[in-house]
Amino acid sequence: MSTFSLDPGPDQIAVRDWLHGFAADVVRPAAAEWDEREETPWPIIQEAAKLGIYSLDFYAQQYFDPSGVGIPIAMEELFWGDAGIGLSIVGTTLAAVAVLANGTDEQIGTWAPQMFGTPDDVKVAAFCSSEPDAGSDVSALRTRAVYEEATDEWVLNGTKTWATNGGIAAVHVVVATVDPALGARGQASFVVPPGTPGLSQGQKFKKHGIRASHTAEVVLDGVRVPGHCLLGGKEKLDERLARAREGVRKSGRNAAMATFEASRPAVGAQAIGIARAAYEVALDYAKTRVQFGRPIIDNQGVAFQLADMKTRIDAARLLVWRASWMAATNQPFTSAEGSMSKLYAGETAKWVTAQAMQILGGNGFTREYPVERMHRDSAIYSIFEGTSEIQRLVIARAVSGLPIR
């Protein structure tokens with residue numbers, strides 16, 4: 001078992017420095033433009049692909065890094081560059097994690113490469129779970145998947161919402177209900193291959209933050225996918241459903257929850273990247289901005305703000321690294337450590353970016369400085385991948401052992 005360490009090894013440091021250079025030289029200079037355009041930054045994604053950053057191999061190497069901190073280091077550096085562009089670059093990984101968490105080896109080998117495409121023809125993928133009437137309450141999903149034995153096909157009908165890359169993706173991974181009577185335990189994940197008839201993009205959302213990342217509805221109207229597109233296979237699904245109908249509680253993880261459990265520390269690392277970026281801008285500003293004849297950092301009120309910002313960022317990183325290391329070494333989250341990391345990092349990003357705006361004063365409220373964009377971007381981190389309230393519920397249930405509602 002890998003020993004938990006706060007000292008990244010030479011491999012992790014090399015990746016960190018490489019990604020930091022990309023974030024500083026390519027992502028940051030383009031951040032304001034793509035935020036204003038509210039469009040997917042395909043040229044930046046392609047540049048990342050040519051460098052090997054946007055690729056299945058790169059994320060697989062970080063995912064399987066025995067230290068456990070490969071993914072969080074990568075996420076922090078990219079989102080230090082910009083959250084909207086960062087999410088456009090890493091958004092595909094949520095769909096890839098869904099396949100890794102629920103699929104067979106053959107399915108992983110078939111679909112994961114298609115999600116990224118090639119450096120000359122980049123593709124993106126989408127994970128579709130939330131619905132207009134089912135966000136935090138995944139048991140309320142209405143999208144149905146009905147099996148037709150004669151043709152060995154699944155027929156999907158429903159509407160998904162808040163899907164990163166929804167509609168523009170080559171590969172969509174869709175969570176659907178197979179047996180409504182079983183609630184969340186009656187769901188499964190399906191791959192919808194490129195060009196499948198019946199799948200279309202609904203409305204594209206105009207968002208408060210992360211505006212360079214495409215978010216839209218996905219409409220499924222009589223979408224037919226072959227039987228092999230059911231992640232995990234029908235035999236495994238039938239066994240799980242049979243156990244659920246018999247009332248056996250430990251009948252396997254819910255398809256959507258398995259994805260979110262695996263991704264929460266990584267999402268926390270994204271939030272840390274945003275917070276660190278805002279903190280660095282505020283620190284530099286406080287050391288150079290002169291008021292009443294001295295730099296404003298000479299005032300305890302400002303200096304103490306910065307001290308608290310740095311402390312919270314480091315504390316959030318420790319929680320993320322612990323959860324990531326636990327996941328890499330197959331240790332169970334007995335106290336919901338994954339949720340802890342995402343909760344604290346997300347709340348920290350919102351708080352730190354707000355403090356950064358305050359330190360910059362009127363300048364912080366303008367688009368001449370990046371902290372207002374960072375503040376807008378940070379807001380989503382207490383909402384998506386499980387709201388802060390849901391994370392607290394998960395943690396409370398874990399530490400109490402009670403079905404708190």
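Residues take their numbers from the sequence shown, with the count starting at 1. Everything numeric in this text was worked out from a predicted model, so none of it was measured. Because only heavy atoms are used, hydrogens play no part in the values below, and waters and symmetry mates are left out as well, while side chains stay in.
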Looking at Q358, I'd like to know if its CD atom is crowded, meaning that more than 12 non-hydrogen atoms belonging to other residues, nucleotides or ligands lie closer than 6.0 Å.
no
Full working for side chain to side chain contact (heavy atoms under 4.5 Å, CB included) between W325 and V69:
CA-CA 7 Å; W325 173 76; V69 298; 5.5 Å; no
Quick one: do Q107 and V191 satisfy side chain to side chain contact (heavy atoms under 4.5 Å, CB included)? Show the steps, please.
CA-CA 9 Å; Q107 289 170 328; V191 171; over 6 Å; no
Which heavy atom in A345 sits nearest to a heavy atom in G268, and how many Å separate them?
CB-O, 3.3 Å
Give a yes or no on whether W111 atom CH2 has more than 12 heavy-atom contacts from other residues, nucleotides or ligands under 6.0 Å away.
yes
Flag the pair K207 / T215 as yes when at least one side-chain heavy-atom distance between them is below 4.5 Å, and no otherwise.
yes
So do Y63 and T93 actually touch side chain to side chain, heavy atoms under 4.5 Å?
no
With a 3.5 Å distance limit and no angle check, can you tell me whether S335 reaches the backbone of E337 through a side-chain donor-acceptor pair?
no
When you measure from the side chain of E372 to the backbone of Y369, do you find a donor-acceptor pair of N or O atoms at a distance under 3.5 Å?
no
Specify the closest pair of heavy atoms between P66 and A328, including all atoms of both residues, with the distance to one decimal.
O-CB, 4.4 Å
Give every donor-acceptor pair under 3.5 Å between a side-chain atom in residues 13-30 and any protein atom, sequence neighbours left out.
residue : atom : partner : partner atom : Å
H20     : ND1  : E77     : OE1          : 2.8
R28     : NE   : W80     : O            : 3.3
R28     : NH2  : W80     : O            : 3.1

Side-chain ion pair, D121 and K123, N-O less than 4.0 Å
yes
Taking D377 for its side chain and I210 for its backbone only, find out whether a donor-acceptor pair lies under 3.5 Å.
yes
Do S339 and R264 get their side chains close enough for a donor-acceptor pair, meaning under 3.5 Å?
yes
Ring-face cation of R37 near W34 (centre distance under 6.0 Å, axis angle within 45°):
yes
Hey, are S67 and D65 close enough side-chain-wise for a donor-acceptor pair under 3.5 Å?
yes
Distance from I272 atom CD1 to F79 atom CZ, nearest 0.5 Å?
12.0 Å
Nearest heavy-atom pair of V192 and V223: which atoms, and what distance?
CG1-CG1, 4.0 Å
Does the cation-pi check pass for R312 over Y344, that is, NZ or CZ under 6.0 Å from the six-membered ring centre and within 45° of its axis?
yes
Would the distance check show the side chain of E131 and the main-chain N or O of T161 forming a donor-acceptor pair, the cut-off being under 3.5 Å?
no
Without swapping roles, check the side chain of H214 against the backbone of G166 for a donor-acceptor pair under 3.5 Å.
yes
Can you check whether Y381 reaches K350 side chain to side chain, under 4.5 Å on heavy atoms?
no
Side-chain ion pair, R276 and E76, N-O less than 4.0 Å:
yes
Would you say E347 and S388 are linked by a side-chain donor-acceptor pair, where the criterion is simply a distance under 3.5 Å?
yes
Does the side chain of V122 reach to within under 4.5 Å of the side chain of F116, using non-hydrogen atoms?
no
side-chain hydrogen bond (donor to acceptor under 3.5 Å, both in side chains) between T329 and Q331, intermediate numbers included
CA-CA 6 Å; T329 53; Q331 297 189 53; 3.1 Å; yes
Side chains of P180 and R142, heavy atoms from C-beta outward: is any pair under 4.5 Å?
no
Should the pair D152-K234 be classified as a salt bridge under the 4.0 Å nitrogen-to-oxygen rule?
no
Minimum heavy-atom distance between I85 and A212, given as atom pair plus value
N-CB, 3.9 Å
CD of Q12 to OG of S5: how many Å apart, nearest 0.5 Å?
9.0 Å
D179/R245 ion pair, N-O < 4.0 Å:
yes
Is any side-chain heavy atom of V320 closer than 4.5 Å to a side-chain heavy atom of R317?
no
Please state whether the rings of W154 and Y147 are parallel, tilted or perpendicular, taking 30° and 60° as the class boundaries.
tilted
Does either side chain, that of S130 or that of K160, offer a donor lying less than 3.5 Å from an acceptor on the other one?
no
Has S55 got a side-chain atom pairing as donor or acceptor with F58's backbone, closer than 3.5 angstrom?
yes
Validation row: T159, V218 side chains within 4.5 angstrom (heavy atoms)
no
Basic-acidic side-chain contact under 4.0 Å: K206, E38
yes
Is a side-chain N or O of T92 found less than 3.5 angstrom from the main chain of A125, in a donor-acceptor match?
yes
Does a salt bridge link R373 with D35, judged by any charged N lying under 4.0 Å from a carboxylate O?
no
Where do L306 and M309 land on the side chain to side chain contact (heavy atoms under 4.5 Å, CB included) test, with the steps shown first?
CA-CA 5 Å; L306 288 161; M309 291 159 73; 4.1 Å; yes
Could you pull out the closest heavy-atom pair between I359 and A286, with the gap in Å?
CG2-CB, 4.3 Å
Quick one: do R224 and E148 make a salt bridge, cutoff under 4.0 Å?
yes
Using 4.0 Å as the upper bound for N to carboxylate O, is an ion pair formed by K204 and E217?
no
Identify the heavy atoms of I71 and A266 that sit nearest to each other, and give their distance.
CG2-CB, 3.6 Å
Measure from the side-chain N and O atoms of S378 to the backbone N and O of H375, and report whether any donor-acceptor pair falls under 3.5 Å.
yes
Check: N102 side chain, A98 main-chain N or O, donor-acceptor pair, under 3.5 Å
yes
Look up atom OG in S189 and atom CG in L230, then write down how far apart they are to the nearest 0.5 Å.
8.5 Å
Qualifying residue, where the test is side chain to side chain contact (heavy atoms under 4.5 Å, CB included) with V352 and the options are V371, I313, I274:
I313
Is there a side chain to side chain contact (heavy atoms under 4.5 Å, CB included) between L141 and V175 once you walk through the steps?
CA-CA 8 Å; L141 296 183; V175 181; 3.7 Å; yes
Verify, without hydrogens or angle tests, whether H172 (side chain) and G167 (backbone) share a donor-acceptor contact under 3.5 angstrom.
yes
Just verifying a value: how many Å separate Y285 OH and L360 CG, rounded to the nearest 0.5 Å?
5.0 Å
How about T164 and S213: do any of their side-chain heavy atoms sit closer than 4.5 Å?
yes
Spatial distance of atom CG (L94) from atom CZ (F384) [nearest 0.5 Å]:
9.0 Å
Here the gap from L6 atom CG to L318 atom CG, rounded to the nearest 0.5 Å, amounts to 6.0 Å
State whether a side-chain donor-acceptor pair under 3.5 Å links E368 with T366.
no
